[in-house]
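Please read the structure below before turning to the comments.
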Amino acid sequence: MKYVGIICTLIMNFFAMQVMAQNNTPTRLAKIEGIAAVVGEEVVLDTDVERDFQMAKAQGIEVKDRCEFLNNMLLEKVLIDRAKQDTLVTVTNDEVQRTVKAQIDNFTRQIGSEKDVIDYFGFKTKAELENELQFYVRDNIYAREKRSLVVKGLDATPEEVRVFFQEHSAELPDVKDQYALSHIILYPEIEPENEQKIIDELNEIKKEVEEGASFATKAILYSEDPGSSSNGGQYLKVKRGTMVKEFDAVAFNLEEGEISEPFKTDYGYHIIQLEKRKGQELDLRHILITLKPTEQEIEKTVNKLDSIRLMINEGKISFKDAALRFSDDKYTKYNEGNLINPQSGEDRFERNELSTNLSNNLIGLQNQELSEVFVDDYENKKVIRLIRLNEFIPEHKVNYAQDYSLLKRFAIRYKEQDVLMNWVRKQVPHTFVKIGDDYKSCDFEINWETK
């Protein structure tokens with residue numbers, strides 16, 4: 001059972017985003033039909049177990065029953081339960097919102113239009129879907145961060161990777177077409193009068209609230225923050241470090257009931273109303289209005305990046321130096337513009353992990369060639385983008401020479417499982433765990449109900 005469970009988990013992690021969109025809904029989105037287990041304050045639904053069981057079957061994995069999938073979920077729930085009690089684990093709203101957007105973009109690429117995604121998950125609006133996805137995403141991040149602390153420092157030698165591949169090659173998935181990419185992005189430069197219009201709009205909203213209007217209603221009507229607008233702009237129990245630094249600097253200097261002046265972050269302009277201060281935590285509401293470049297501002301930036309593209313093609317500057325000198329993406333400009341897949345941590349993407357716009361701009365490119373300059377949405381912003389195709393890797397059977405990084409990641413996760421299991425065994429006696437009647441006969445590796 002152990003080998004099946006671990007390899008299933010590895011493969012399902014590898015395919016998680018694709019299969020989730022194709023087969024079933026995330027945990028919080030599933031209809032409650034029954035409780036499979038409870039760990040602390042965390043609940044596992046029968047539909048959760050069924051989802052992972054069907055996910056494995058869709059990948060051609062031979063499985064006997066659902067017990068192993070419940071066991072894996074119990075492991076995950078222990079991580080989440082402990083992470084929420086660990087002061088070393090911090091999950092920021094910024095990270096949650098970025099991940100939610102990335103997941104919705106991924107669902108959209110696989111299911112169809114944004115409306116198709118909303119309908120598929122049974123919601124009326126995108127805001128409702130985003131709000132529900134936040135619970136799922138936040139728990140995933142909690143589990144990931146706690147797991148990384150538990151297994152910190154583990155590595156796999158080349159010999160261990162080779163042995164892992166020899167023993168489990170038949171169980172590992174084929175590798176689909178992959179793309180290694182770099183980019184340079186420029187933010188359109190917003191003219192001062194364009195920014196001033198947003199500042200004036202927020203000042204007018206602030207004035208109306210101070211004269212008796214509801215801040216929550218104004219947030220619903222005007223805020224462009226997908227994580228809070230439908231909830232009246234409200235964030236509860238905000239700690240230092242959970243928001244971007246500019247937001248923290250303003251929020252933690254407000255008095256209860258006070259509304260801030262408009263201020264700028266990477267997302268746009270905000271105003272905050274502090275509702276309550278509870279020690280080092282704040283209950284607040286905020287309104288965000290994003291900066292929207294005009295057609296003239298976009299065209300001006302397109303021309304600038306076109307000129308940079310021409311210099312690269314003429315050999316007057318290398319792509320590496322151009323990215324360092326000109327790119328507005330602070331996460332890639334110091335790394336030659338190389339894009340890293342957030343799902344795998346590697347510099348390779350499958351086509352279905354790329355936006356339709358980006359994918360279309362790769363058509364016809366050879367290795368090391370540059371795309372045309374194009375307008376794109378990136379990290380919740382309108383940007384002007386230039387892509388370099390570093391390498392195209394055709395679909396193939398996973399192999400030691402070509403996929404060493406992937407195999408090393410699998411081998412490390414395999415080793416981590418033993419460490420994680422031992423850690424969980426130590427947590428169980430101090431954790432409330434209740435297994436549902438349908439799973440009482442399961443032969444678990446861990447004696448979950450020790451009390």
Side-chain angles (χ1 to χ4, degrees), residues 98 101-102 105 109 177-196 198 244 246 264-268 290-394 402 405:
R98 286 174 183 269
K101 171 137 189 338
D105 288 347
R109 289 192 293 274
D177 289 349
Q178 294 180 319
Y179 302 81
L181 307 169
S182 297
H183 77 173
I184 296 172
I185 63 170
L186 301 182
Y187 299 144
E189 185 175 341
I190 308 297
E191 297 295 334
E193 56 269 26
N194 196 352
E195 292 199 38
Q196 189 60 47
I198 295 176
V244 294
E246 298 90 348
K264 187 177 181 181
T265 72
D266 284 344
Y267 296 101
T290 59
L291 291 166
K292 302 173 188 67
T294 64
E295 289 299 320
Q296 292 78 12
E297 290 164 345
I298 289 174
E299 183 179 0
K300 180 179 178 181
T301 311
V302 167
N303 292 336
K304 179 179 179 180
L305 191 49
D306 264 330
S307 299
I308 296 169
R309 179 180 184 274
L310 182 61
M311 287 194 296
I312 296 171
N313 279 334
E314 291 180 345
K316 295 179 179 178
I317 189 173
S318 68
F319 191 95
K320 173 184 176 181
D321 290 341
L324 179 62
R325 180 176 173 185
F326 299 110
S327 183
D328 287 324
D329 184 3
K330 59 186 178 182
Y331 298 105
T332 64
K333 65 181 298 175
Y334 300 105
N335 187 33
E336 302 183 25
N338 293 332
L339 291 171
I340 302 299
N341 188 328
Q343 303 302 322
S344 67
E346 303 294 334
D347 63 349
R348 297 181 182 184
F349 296 81
E350 294 180 9
R351 186 173 283 275
N352 63 8
E353 294 176 311
L354 303 174
S355 69
T356 301
N357 196 20
L358 175 53
S359 182
N360 288 341
N361 278 278
L362 292 176
I363 294 174
L365 290 186
Q366 302 298 315
N367 289 349
Q368 300 300 307
E369 285 187 346
L370 303 180
S371 70
E372 297 296 325
V373 172
F374 60 101
V375 181
D376 202 7
D377 291 309
Y378 182 73
E379 299 288 354
N380 295 315
K381 288 185 178 181
K382 187 72 68 178
V383 301
I384 313 304
R385 201 172 192 188
L386 174 65
I387 295 290
R388 183 180 68 179
L389 175 59
N390 298 329
E391 184 183 8
F392 169 67
I393 304 99
Q402 196 170 10
S405 294

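In this text the structure is predicted, and so the values were computed from the model without any measurement.
- Heavy-atom minimum distance, T294 versus E297: N-OE1, 2.8 Å.
- For the pair A322 and I308, the tightest heavy-atom approach, listed with the atom from each and the gap, is CB-CG2, 4.1 Å.
- To the nearest 0.5 Å, atoms CD (E372) and CG (L305) are separated by 11.0 Å.
- Within 6.0 Å of NZ in K300 there are 12 or fewer heavy atoms belonging to other residues, nucleotides or ligands.
- Residue F374 holds its CZ atom at 9.5 Å from CG of N360, rounded to the nearest 0.5 Å.
- In terms of modelled atom types and a separation under 3.5 Å, the side chain of R348 and the main chain of E391 share no donor-acceptor contact.
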N/O donor-acceptor pairs under 3.5 Å from side chains in residues 186-193, not counting sequence neighbours:
none

| task | For E336 and F319, run side chain to side chain contact (heavy atoms under 4.5 Å, CB included): C-alpha distance rounded to whole Å, both residues' side-chain angles, the deciding distance at 0.1 Å, then the answer. | result | CA-CA 7 Å; E336 302 183 25; F319 191 95; 5.8 Å; no
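- Residues D328 and V383 have side chains not in contact (no heavy-atom distance under 4.5 Å, counting atoms from C-beta outward).
- When all heavy atoms of L181 and N390 are compared, the closest pair comes out as C-ND2, 3.3 Å.
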| V302 vs I298, side chain to side chain contact (heavy atoms under 4.5 Å, CB included): CA-CA, chis, key distance, verdict | CA-CA 6 Å; V302 167; I298 289 174; 4.2 Å; yes
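- When each of I185, T290, D266, D376 is tested with K381 by the rule side chain to side chain contact (heavy atoms under 4.5 Å, CB included), just one qualifies, namely D266.
- Note that CD1 of I363 and CG of L389 are 12.5 Å apart. Values are rounded to the nearest 0.5 Å.
- Counting heavy-atom neighbours within 6.0 Å of F392 CZ, excluding the residue itself, gives a total above 12.
- Taken to the nearest 0.5 Å, the CG atom of N341 stands 4.5 Å off from the CZ atom of F349.
- Within 6.0 Å of CD on E299 lie no more than 12 heavy atoms contributed by other residues, nucleotides or ligands.
- Heavy-atom minimum distance, S405 versus E346: CB-OE1, 3.4 Å.
- Summarising the geometry, atom NZ belonging to K320 is positioned 9.5 Å from atom CG belonging to N335; distances are rounded to the nearest 0.5 Å.
- More than 12 heavy atoms of other shown residues, nucleotides or ligands fall within 6.0 angstrom of atom CD in E314.
- In this structure, K304 places its NZ atom where only 12 or fewer heavy-atom neighbours from other residues, nucleotides or ligands lie under 6.0 Å away.
- Between T265 and E246, the shortest heavy-atom contact is CG2-CB, 3.8 Å.
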| What's the verdict on side chain to side chain contact (heavy atoms under 4.5 Å, CB included) for N357 and N361, showing C-alpha distance, side-chain angles and the deciding distance? | CA-CA 6 Å; N357 196 20; N361 278 278; 3.5 Å; yes
| said: For D377 and K382: C-alpha separation, side-chain torsions, deciding distance, then whether side chain to side chain contact (heavy atoms under 4.5 Å, CB included) applies. | reply: CA-CA 5 Å; D377 291 309; K382 187 72 68 178; 3.3 Å; yes
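- Contact check for D177 versus R351: no side-chain heavy atoms found under the 4.5 Å cut-off.
- Going from atom CG of L339 over to atom CG of L358 covers 7.5 Å, rounded to the nearest 0.5 Å.
- Counting all heavy atoms, side chain and backbone alike, A323 lies closest to K333 at O-CB, 3.4 Å.
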